[in-house]
Every structure is written in C-alpha cells, then in structure tokens.
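Worksheet: one structure, shown below.
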Amino acid sequence: MQIKDIIPWARKDGAPEDAGDARAEHPVAKLQHEVEKAFQNFWSRLESMTDGIHLPWGGPRSDMVEVENAIEVSIELPGMEMKDVEVSISDDVLTVKGEKRIERQEEKKGYFLSERSYGAIYRTIPLPPGVQGDKAEATFRNGVLTIRIPVDAEARSKARRIEVKEG
C-alpha cells in the first residue's frame with residue numbers, strides 16, 4: 001500500500017480526483033464526512049439549547065469601526081434589556097458586562113412546566129491610543145449596544161505608516 005492509496009482526493013496515478021461520487025466512496029473520505037457531520041450536529045444542538053445566549057468562548061458578536069473622529073463599537077446582545085447591561089472604559093479598554101435570566105412556569109391540566117435559563121457575557125475590547133473615554137456615549141436598541149468614543153485628532157496625527165521591505 002502506498003500513501004496515495006489512502007488519500008481520498010488522489011487517483012491511482014497520483015493526480016487529483018474530481019470532486020464527485022468516487023471521493024464519497026473512499027473509506028477515509030467517508031470517515032472524514034461522518035466526523036464533520038458529528039461536530040456540526042453537536043454545535044447546532046448546543047446553540048439551540050442556549051436559547052440565543054452566546055457561549056463564553058465565542059462571546060457576543062461585535063464590530064468596531066472608525067467613523068468621523070470617533071470609534072464606534074456595536075455588540076449584539078439578543079434577549080437582554082438595557083437594565084441588564086453595564087459599560088465602562090478605563091486605561092484604553094472598553095468593558096461590557098451583561099446578564100440574561102429567563103424563567104418560565106406553566107401549569108395546565110395534567111402537567112407543570114418550569115424552565116430557567118441563564119447567560120452572562122463579559123467582554124473587554126482594547127481601544128486605540130487617543131480615545132476620549134470621558135466623552136463616550138452608549139445607546140441600546142433592539143438588542144444591539146452601540147458605543148461611540150471620540151478620538152483625539154492630535155493622537156490620530158501621531159500615527160505614521162511604516163514601510164515594509166522584502167527580506
């Protein structure tokens with residue numbers, strides 16, 4: 001047996017094989033497909049069990065963009081309310097904390113249902129030099145927290161481009 005015999009994308013002559021039915025028939029390719037499918041099923045089940053609460057290793061989805069003389073940070077916090085969120089800035093670091101608690105009880109003829117879910121987020125985002133944290137403003141709308149932090153024009157002008165040379 002040669003190495004090319006166990007590589008699912010290789011033909012007997014060693015040339016790459018077209019993606020098609022022949023690849024799916026190879027035992028190593030089948031195993032790879034089954035392992036990928038198992039992982040996809042695991043993650044999709046885990047996401048459905050968390051009811052929209054982002055897991056700690058992934059954190060909430062966020063974007064940071066530079067707009068006119070400011071940095072704008074947007075963080076998705078689905079299911080949370082404004083009272084559940086705390087935002088702070090210190091030493092050029094933005095910190096966002098939040099908690100989501102859901103309790104549901106239902107009692108009908110023949111059964112009693114009690115469900116609880118809990119999720120917390122803690123996110124720290126390093127900010128570029130020259131931000132004016134004392135002038136930051138935050139808004140919360142439709143589950144999205146948006147923080148606008150002015151940047152000092154003088155600090156922005158101090159940045160210089162460095163040429164990258166080969167070698």
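Below, each value reflects all heavy atoms present in this structure, side chains not excepted, and no hydrogens, waters or symmetry copies.
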Q: Could you grab the distance from atom CZ of R61 to atom CG of L77, nearest 0.5 Å is fine?
A: 11.5 Å
Q: Just do the side chain to side chain contact (heavy atoms under 4.5 Å, CB included) check on K83 and E99 with the steps written out, would you?
A: CA-CA 9 Å; K83 64 180 176 60; E99 274 188 25; over 6 Å; no
(Q) For I147 and V96: C-alpha separation, side-chain torsions, deciding distance, then whether side chain to side chain contact (heavy atoms under 4.5 Å, CB included) applies. (A) CA-CA 10 Å; I147 305 137; V96 178; 4.2 Å; yes
**Q.** Distance (rounded to the nearest 0.5 Å) between E72 CD and D63 CG
**A.** 10.0 Å
Q.
For a side chain to side chain contact (heavy atoms under 4.5 Å, CB included) check, start with the C-alpha distance between R101 and D84, then their side-chain angles and the critical distance, and finish with the verdict.
A. CA-CA 9 Å; R101 293 177 189 260; D84 301 330; over 6 Å; no
Q. Does the distance from a Lys or Arg side-chain N to an Asp or Glu carboxylate O, for E163 and K165, drop under 4.0 Å?
A. no
**Q.** Sequence-distant partners of V164, side-chain contact (heavy atoms from CB on, under 4.5 Å), two or more places apart
**A.** none
Q) Would M64 and V85 show up in the same hydrophobic cluster when neighbours are defined by side-chain heavy atoms closer than 4.5 Å? A) yes
Q | Linked hydrophobic residues, V93 as query - side chain contacts closer than 4.5 Å | A | none
Q. Where is the tightest heavy-atom contact between P78 and K100, given as atom of each residue plus distance?
A. O-NZ, 3.7 Å
Q | Under the side-chain contact (heavy atoms from CB on, under 4.5 Å) test, residues paired with L113 that sit two or more places apart | A | R104, E106, Y111, E115
Pair up each side-chain donor or acceptor in residues 126-143 with any protein partner under 3.5 Å, not counting sequence neighbours, and list the distances.
none

Q | For the student: nearest non-hydrogen atoms of M80 and G98, plus distance | A | CE-C, 3.8 Å
Q) Who passes side chain to side chain donor-acceptor pair (under 3.5 Å) against E103, sequence neighbours left out? A) none
Q. According to a 4.5 Å side-chain heavy-atom criterion applied to Ile, Leu, Val, Met, Phe, Trp and Tyr, with indirect links allowed, do I125 and V87 form part of one hydrophobic cluster?
A. yes
(Q) Applying side chain to side chain donor-acceptor pair (under 3.5 Å), can you list everything that pairs with E107, at least two apart in sequence or on another chain? (A) none
Q.
I need the L145 CG to I121 CD1 distance, nearest 0.5 Å.
A. 8.5 Å
